[in-house]
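See below for the structure under consideration.
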Amino acid sequence: MFIVVGTMTKIYGILGLAFILFSKRKLHLLWGILFWSIVFFCLPMIYTSPEYVLSQYRDWLEVLIYKNNLNTFCYYTNISLLGMVRKISQVTTYSDLWLIIPGILLFIAPYFRINQYESKSFRLLYLSSVLLFMILFSTGTEGCGYISAMVAVGIWFVNTPTRKKTPVLNITLLIFCIVLTSLSASGIFPKYVRVNYVSPYALKALPCVFIWLKIVWEQLTQNFVTALPASLTETGKRSRIDIVLPCYNPYEGWEQQLIEKHKELEAMLDGYDIRFIVVNDGSKRGFTEEAVFRLTNNLPSTIIVDNKTNQGKGAAVRDGIAYSDSELALYTDYDFPYKIESVCQVIKYLEAGYDVVVANRNHTYYSQLSTRRKLASHASRFLNFMLLGLTHTDTQGGLKGFNRKGKAFLASTRIKQFLFDTEFIYKASLDDTTFIKEVPVDLRSEVMLPDMKKGVFVNELKNLLMICWKG
């Protein structure tokens with residue numbers, strides 16, 4: 001009904017038909033369109049006459065043709081691909097069909113990729129394509145019409161499958177669009193450029209042209225359908241799990257807590273042999289011989305990696321992973337800041353076949369942070385999405401699980417400090433065959449999270465830029 005109402009109100013509504021092929025009830029939709037078309041076509045005849053209604057539609061068609069001719073070189077309309085080419089070339093003799101027909105062919109080409117229909121991202125990119133198509137290939141496009149174009153750009157940017165493959169190009173196109181398409185009509189844009197170039201030549205359309213072409217390219221070449229991971233065999237499930245625990249200046253009694261956590265884990269993970277790999281990262285206090293003796297005496301399988309110099313958490317975790325030979329492994333802080341149930345959830349998804357499982361912190365974690373650290377955490381997630389194109393943006397949770405494939409990505413990281421987490425997830429996300437899963441985790445109520453020094457934030461920002469540059 002809304003497609004019919006939109007079409008009869010303004011011709012753009014007809015583009016709603018672009019989504020018929022995605023409908024699971026195509027015949028119902030087609031019959032509904034036919035029914036409501038007849039209803040709304042005949043409805044005015046109740047208080048007028050059939051002749052009058054038909055004459056109005058004929059007049060409407062004539063007005064559309066007349067307006068199309070008026071819009072050709074109009075300053076305030078035809079701000080489209082058609083208008084941009086026409087106004088730059090100043091040629092009046094060619095037909096717009098030379099641009100419209102190739103545009104239609106490009107627009108419908110992705111429909112032939114039927115195996116991608118089930119993907120929500122593929123369908124959302126078609127929504128972006130539709131919104132941009134009606135702006136770029138209409139001589140009646142005005143500046144206000146770009147509200148829908150900017151919505152389309154936003155939908156594309158969030159759903160593009162090239163988020164990890166071409167992040168720099170995507171961000172460049174987004175910024176280009178914001179500056180030239182959105183801000184060019186505002187007072188903050190240079191008036192001279194707007195008056196002498198942007199408006200006379202309809203350059204407002206240029207960024208949207210590039211983005212629309214990229215959307216079509218993505219629809220034609222990218223795989224939107226994600227396969228499900230294969231779960232481990234029963235033999236694989238009943239094996240050892242290594243838990244790497246980096247440790248720096250631990251508090252008194254840390255070893256007793258590890259003994260208790262080990263008991264909890266074995267009770268909840270029946271059939272698994274839990275082995276701790278404790279890595280001392282050059283502690284100046286707390287990591288005493290007595291504490292280590294009590295730990296290894298109660299848990300003989302525990303591996304102690306005693307580094308005499310402090311290198312950073314990333315280096316400590318990699319040192320621990322070097323001693324791991326299990327099928328499944330994970331790392332977390334030595335004080336087990338998250339509930340044991342959350343740790344078990346990570347292992348559950350590793351059993352399901354995921355290569356990397358990432359902790360996703362909820363309100364129980366953020367409620368314990370200082371304002372400065374909370375802002376830094378949210379800023380980190382924003383930058384992970386914008387600069388690295390990560391969909392799993394909460395990379396600093398401190399709890400991650402992985403199988404042998406995921407372990408190889410972790411071992412290849414180079415950052416020694418906290419941002420090794422981000423580098424790990426970024427490297428894993430670059431491989432399209434790697435299955436990554438986010439798991440909500442709960443912070444233990446008795447855990448108090450300290451604030452970080454300002455120097456740490458500056459150093460980690462440098463590390464983030466290094467990841468962007470070197471990968």
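All figures in this text were calculated on a predicted structure; none of them were measured in a lab. Throughout, numbering of the chain's residues begins at 1 and tracks the sequence.
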| Between CG of Asp319 and CG of Asp306, what distance do you get to the nearest 0.5 Å? | 11.0 Å

| query | Hey, are the side chains of Leu443 and Arg361 touching, using non-hydrogen atoms and a 4.5 Å cut-off? | reply | no

| query | Considering residues, nucleotides and ligands other than Tyr251, do more than 12 of their heavy atoms fall under 6.0 Å from its OH? | reply | yes

| Of the non-hydrogen atoms in Thr395 and Lys400, which two are nearest, and what is the gap between them? | O-NZ, 2.7 Å

| query | Rounded to the nearest 0.5 Å, how far does CG of Leu183 lie from CD1 of Ile175? | reply | 11.5 Å

| task | Compare all side-chain heavy atoms of Asp333 with those of Tyr338 and state whether any distance is below 4.5 angstrom. | result | no

| query | Rounded to the nearest 0.5 Å, how far apart are CG of Asp355 and NZ of Lys407? | reply | 12.5 Å

| Does Phe276 have its ring centroid less than 6.0 Å away from the ring centroid of Tyr334? | no

| query | If we only count heavy atoms from C-beta on, is the His262 to Thr302 side-chain gap below 4.5 Å? | reply | no

| field | Derivation and outcome, side chain to side chain contact (heavy atoms under 4.5 Å, CB included), residues Leu203 and Met84 | value | CA-CA 6 Å; Leu203 295 181; Met84 184 175 66; 4.2 Å; yes

| request: Grab the two heavy atoms, one from Leu82 and one from Ser138, that are nearest each other, plus how far apart they are. | output: CD1-N, 3.9 Å

| query | Hey, what do you get for OG (Ser119) to CZ (Phe224), rounding to the nearest 0.5 Å? | reply | 6.5 Å

| query | Taking atom OH of Tyr111 as the centre, does the number of heavy atoms from other residues, nucleotides or ligands within less than 6.0 Å exceed 12? | reply | yes

| request: Work out which heavy atom in Trp212 is nearest to a heavy atom in Gly103; give both atom names and the distance. | output: CH2-O, 3.6 Å

| Atom pair CG (Leu245) and CD1 (Ile277), whose distance is rounded to the nearest 0.5 Å | 8.5 Å

| Heavy-atom closest contact (Arg275 atom, Arg240 atom, distance) | NH2-NH2, 3.3 Å

| Going by an N to O cut-off under 4.0 Å, is there a salt bridge joining Arg444 and Asp335? | no

| request: Evaluate the side chain to side chain contact (heavy atoms under 4.5 Å, CB included) criterion for residues Cys177 and Cys208: first the C-alpha distance (whole Å), next the side-chain angles of each, then the deciding distance (0.1 Å), finally the verdict. | output: CA-CA 7 Å; Cys177 187; Cys208 293; 4.1 Å; yes

| field | Over 12 foreign heavy atoms within 6.0 Å of NZ, Lys263 | value | no

| task | Say whether Glu351 and Tyr272, considering side chains only, have a donor N or O and an acceptor N or O under 3.5 Å apart. | result | yes

| query | What's the shortest heavy-atom distance between Gln219 and Arg113, and which atoms? | reply | O-NH1, 2.6 Å

| Run the side-chain hydrogen bond (donor to acceptor under 3.5 Å, both in side chains) check on Thr162 and Thr160 step by step: do they pass? | CA-CA 5 Å; Thr162 62; Thr160 174; 2.7 Å; yes

| message | Check whether Asn249 reaches the backbone of Lys284 with its side chain - one donor and one acceptor, N or O, closer than 3.5 Å. | response | yes

| field | Heavy-atom donor-acceptor pair, Arg294 side chain to Gly253 backbone, under 3.5 Å | value | no

| query | Taking atom types as modelled and ignoring hydrogens, do the side chains of Asp281 and Asn307 form a donor-acceptor contact shorter than 3.5 angstrom? | reply | no

| task | Count the heavy atoms belonging to other residues, nucleotides or ligands that lie under 6.0 Å from CD1 of Ile147, then report whether that count exceeds 12. | result | no

| query | Which heavy atom of Ile340 sits nearest a heavy atom of Lys261, and at what distance? | reply | CD1-CD, 3.9 Å

| task | Kindly check if the number of other-residue, nucleotide or ligand heavy atoms within 6.0 Å of OH (Tyr201) is above 12? | result | no

| request: Decide if atom NZ of Lys462 counts as having more than 12 heavy atoms of other residues, nucleotides or ligands within a radius under 6.0 Å. | output: no

| query | Would you call the rings of Phe122 and Tyr117 parallel, tilted or perpendicular, where under 30° means parallel and over 60° means perpendicular? | reply | parallel

| task | Quick one: pull up CZ in Arg123 and OG in Ser129 and give me the separation to the nearest 0.5 Å. | result | 15.5 Å

| field | Stepwise side chain to side chain contact (heavy atoms under 4.5 Å, CB included) test for Val358 and Asp394 | value | CA-CA 8 Å; Val358 183; Asp394 191 5; 5.6 Å; no

| query | Under 3.5 Å, is there a donor-acceptor pair between the side chain of Lys405 and the main chain of Phe435? | reply | no

| Would you say Ser148 and Met134 make side-chain contact, with heavy atoms under 4.5 Å? | yes

| message | Quick one: does any side-chain atom of Arg318 pair with a main-chain N or O of Ser412 as donor and acceptor, under 3.5 Å? | response | no

| query | Cationic tip of Lys204 within the cone over Tyr146's six-membered ring, i.e. under 6.0 Å and within 45° of the normal? | reply | yes

| N-O pairing of Glu218 and Lys214 below 4.0 Å | yes

| field | Leu106 and Phe133: CA distance, side-chain angles, deciding distance, side chain to side chain contact (heavy atoms under 4.5 Å, CB included) verdict | value | CA-CA 10 Å; Leu106 285 174; Phe133 184 88; over 6 Å; no

| task | Taking atom CZ of Phe210 as the centre, report whether more than 12 heavy atoms of other residues, nucleotides or ligands fall under 6.0 Å from it. | result | no

| task | Answer whether the closest heavy-atom distance between the side chains of Leu136 and Val209 falls below 4.5 Å. | result | yes

| request: Answer yes or no: is there a side-chain heavy-atom contact under 4.5 Å between Phe157 and Ile211? | output: no

| query | Are the side chain of Thr296 and the backbone N or O of Phe293 linked by a donor-acceptor pair below 3.5 Å? | reply | yes

| message | Determine whether the aromatic ring centres of residues Tyr126 and Phe107 are separated by less than 6.0 angstrom. | response | yes

| message | If the condition is side chain to side chain contact (heavy atoms under 4.5 Å, CB included), which residues does Ser380 pass it with, not counting sequence neighbours? | response | Asn384, Gln396

| task | Would you check if Ile178 and Met150 make a side-chain contact, meaning some heavy-atom pair closer than 4.5 Å? | result | yes

| query | So Tyr331 and Phe402, would you call those rings parallel, tilted or perpendicular, with 30° and 60° as cut-offs? | reply | tilted

| Can you check whether Thr413 reaches Lys427 side chain to side chain, under 4.5 Å on heavy atoms? | yes

